[in-house]
Number of protein chains: 2
Amino acid sequence: MADTAHLTPLVHPPRDEMTVEAVLRALADPVRLEIVRQLAAADTEVACGVLEVPVTKSTVTHHLGILRQAGVVAGRQEGTTRYNSLRRNDLDALFPGLLDGVLAARH
Amino acid sequence: MADTAHLTPLVHPPRDEMTVEAVLRALADPVRLEIVRQLAAADTEVACGVLEVPVTKSTVTHHLGILRQAGVVAGRQEGTTRYNSLRRNDLDALFPGLLDGVLAARH
DNA sequence: CGACAATTTCGACGGACGTCGTACAATGAG
DNA sequence: CTCATTGTACGACGTCCGTCGAAATTGTCG
């Protein structure tokens with residue numbers, strides 16, 4: 001059986017516990033913003049290792065944790081790989097236009 | 001005559017120099033977010049002293065500087081008072097929906 | 001079983017950031 | 001002129017945050 005007692009239980013805040021402050025703080029880092037852009041471009045689940053950002057994997061894990069706790073991304077564990085996806089529906093429902101506005105910016 | 005040589009020249013980035021990263025970083029602080037909310041609610045120019053935030057005036061000055069350098073607010077000097085206003089047009093043009101999405105959040 | 005691959009966790013370090021108090025400049029009123 | 005008002009500039013302090021490397025866990029494949 002899978003012994004995952006040592007792993008963070010993959011906490012995802014429900015929609016009504018998401019705050020705009022946490023979301024903004026999550027998006028306010030260049031690396032995390034790039035992660036969000038790649039997730040938005042992929043339009044599907046993406047494994048951590050596929051993300052192309054100029055930091056170490058442990059740092060990616062850290063950033064994904066912040067994005068997940070803010071409710072920006074959802075994570076699904078499968079074997080040794082963890083698949084991440086954008087919580088577009090929840091974000092659009094709570095802060096309509098926010099994500100689209102961010103993604104519309106030139107870069 | 002007005003001797004304003006010692007004052008920061010009230011730099012406002014033109015629309016094409018505004019970045020979504022700077023805007024997000026500016027909005028990612030609770031005090032600054034509250035300032036933006038009050039400016040949006042007022043829908044007119046607001047003097048620094050009128051803003052109701054739980055920090056010192058010098059801190060308010062600091063936050064307004066960050067908001068201004070990010071292109072979120074515009075400042076106009078008149079006598080000893082400085083009037084601040086939201087740069088709604090520029091924000092909506094560059095990041096359509098962003099500001100509205102932020103302001104739509106419950107708080 | 002043993003080696004390897006995919007990620008996380010932990011501890012540590014350095015820099016960035018929010019906050020304040022004080023001093024200072026400019027304006028307007030008495 | 002004098003003084004109160006409005007706001008900025010500067011320096012300092014403590015804390016949060018992004019970053020890394022090394023170690024550990026889990027699953028997969030010979």
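What you are looking at is a predicted structure, and each value in this text was computed from that prediction instead of being measured. Residue numbers begin at 1 in each chain, while the letters A, B, ... track the order of the sequences. Side-chain atoms are counted along with the backbone in the values below, which use heavy atoms only and exclude waters and symmetry mates.
In this structure, A/Thr61 reaches the bases: a heavy-atom distance under 4.0 Å links it to at least one base atom across the strands shown. Counting non-hydrogen atoms under 4.0 angstrom, A/His62 reaches a base of the nucleic acid. At the heavy-atom level, A/Thr56 lies under 4.0 Å from the strands shown only through sugar-phosphate atoms. Residue B/Ile66 is in sugar-phosphate contact alone, with no base atom involved, counting any heavy-atom pair closer than 4.0 Å across all strands shown.
Checking the phosphate oxygens (OP1, OP2) of D/dT19, a side-chain nitrogen or oxygen of A/His63 falls inside 4.0 Å. For D/dT6, neither phosphate oxygen OP1 nor OP2 lies less than 4.0 angstrom from any side-chain nitrogen or oxygen of B/Arg82. At the phosphate of D/dT26, neither OP1 nor OP2 sits under 4.0 Å from any side-chain N or O atom of A/Thr80.
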Review item, side-chain donor-acceptor pairs of residues 92-107 of chain B, under 3.5 Å, at least two apart:
{"from": "B/Arg106", "atom 1": "NH2", "to": "A/Asp16", "atom 2": "O", "distance (Å)": "2.9"}
{"from": "B/His107", "atom 1": "ND1", "to": "B/Ala105", "atom 2": "O", "distance (Å)": "3.2"}

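Contacts between residues 20-38 of chain A and DNA chain D, defined by a heavy-atom separation under 4.0 Å, are made by A/Arg25, A/Asp29, A/Val31, A/Arg32.
You'll find the side chain of B/Cys48 reaches within 4.5 Å of the side chain of B/Leu64, heavy atoms only. Residues B/Leu24 and B/Val20 are in side-chain contact: their nearest non-hydrogen atoms beyond the backbone lie under 4.5 Å apart. Annotation: side chain of A/His63 is in contact with side chain of A/Asp29 (closest heavy-atom distance under 4.5 Å). Between B/Asp90 and B/Arg88, every side-chain heavy-atom pair lies at or beyond the 4.5 Å cut-off. The shortest side-chain heavy-atom distance between A/Ile66 and A/Arg32 falls under the 4.5 Å cut-off.
Note: CG (B/Leu51) to P (D/dT8) measures 11 Å, nearest angstrom. The distance between atom CG of B/Leu64 and atom P of C/dG18, rounded to the nearest whole Å, is 13 Å. Computed from coordinates, the B/Tyr83 OH to D/dT6 P distance equals 11 Å when rounded to whole Å. Between the C1' atom of D/dG27 and the CZ atom of A/Arg76 lies a distance of 15 Å, rounded to the nearest Å. The interatomic distance linking A/Gln77 (CD) with C/dT9 (C1') rounds to 14 Å, in whole Å. The CG atom of A/Leu10 sits 15 Å away from the P atom of D/dT26 (whole-angstrom rounding).
Smallest separation of non-hydrogen atoms from B/Ala47 and B/Asn84: C-OD1, 4.4 Å.
Projected onto DNA chain D by closest heavy-atom contact, A/Lys57 and B/Val50 fall at different nucleotides, the more 5' of which corresponds to B/Val50.
B/Ser58 contributes no side-chain N or O that forms a donor-acceptor pair with the base of D/dG7 under 3.5 Å.
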